Amino acid sequence: MLGFAALGAFLCGACSEAENKPGATLAQIDAGCKSYCAKASECDKAVRAEACEKRCHNRLNRCRADEQADTVTDLQSCAGDKCGDFAVCAIGAGLECTFGL
């Protein structure tokens, strides 16, 4: 349940359209979303990896470029966490994208 909440926190944010520096490449976004969603699915069986990846791509494409690159890095880092730590990490990544925190 906590994993699902973390997934929602990341995927429900909205990012501004302004760009300050180059964002993540499509390959980086693909890799970040794939690793993040694989872990989300592992931690919460209700999360379907394919649907998660699609939402992840959509959300990251709405982020400012600098927030996008940082968020992709954070998502890949979160994927290496244990499930208990994953939820907290994923919420942090969502805040990075949504608010630039």
Side-chain angles (χ1 to χ4, degrees):
M1 185 65 162
L2 187 55
F4 186 71
L7 177 66
F10 169 67
L11 296 175
C12 289
C15 299
S16 71
E17 300 295 325
E19 292 189 20
N20 297 326
K21 66 180 183 179
T25 66
L26 184 56
Q28 290 169 322
I29 291 172
D30 285 343
C33 287
K34 184 172 282 298
S35 60
Y36 170 81
C37 290
K39 188 64 170 192
S41 180
E42 175 187 326
C43 294
D44 184 344
K45 300 302 180 198
V47 174
R48 291 186 4 242
E50 289 179 9
C52 172
E53 287 178 38
K54 183 176 179 179
R55 288 188 308 266
C56 179
H57 278 267
N58 288 338
R59 186 60 52 210
L60 283 172
N61 286 331
R62 294 184 193 155
C63 288
R64 290 188 343 202
D66 60 333
E67 294 168 354
Q68 182 186 63
D70 292 341
T71 300
V72 168
T73 300
D74 289 347
L75 291 178
Q76 290 176 317
S77 172
C78 291
D81 287 349
K82 294 178 184 176
C83 286
D85 298 330
F86 174 75
V88 174
C89 183
I91 289 170
L95 293 174
E96 174 76 43
C97 181
T98 305
F99 302 111
L101 301 176

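Remember, predicted model here, so these are calculated numbers, not experimental data.
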Task: SG-SG under 2.5 Å, C56 vs C33 - done: yes
Task: SG(C89) to SG(C78) below 2.5 Å - done: yes
Of all the heavy-atom pairs spanning [X] and [Y], show the shortest one and how long it is.
X   : Y   : answer
K39 : A79 : CD-O, 3.5 Å
A24 : I29 : CB-CG1, 3.8 Å
C52 : V47 : CB-CG1, 4.0 Å
R59 : R62 : NH1-NH1, 2.8 Å

Open item on the list: N58: which residues meet the side-chain contact (heavy atoms from CB on, under 4.5 Å) condition with it, sequence neighbours left out?
Closed with: K54
Open item on the list: Which residues pass the side-chain contact (heavy atoms from CB on, under 4.5 Å) test with T73, not counting sequence neighbours?
Closed with: none
[atom1]/[X] to [atom2]/[Y] distance, rounded to the nearest 0.5 angstrom?
X   : Y   : atom1 : atom2 : result
Q76 : K34 : CD    : NZ    : 12.5 Å
C43 : K82 : SG    : NZ    : 12.0 Å
R48 : R55 : CZ    : CZ    : 8.0 Å
Q28 : L75 : CD    : CG    : 12.0 Å

TODO: Would you mind reporting whether E53 and D30 have side-chain heavy atoms less than 4.5 Å apart?
DONE: no
Open item on the list: When you compare the side chain of V88 with that of D81, does any pair of heavy atoms fall below 4.5 Å?
Closed with: no
Task: Side-chain donor/acceptor of Q68 to backbone N/O of C63, under 3.5 Å - done: no
Open item on the list: Treating N61 as the side-chain partner and H57 as the backbone partner, does any N or O pair qualify as donor plus acceptor under 3.5 Å?
Closed with: yes
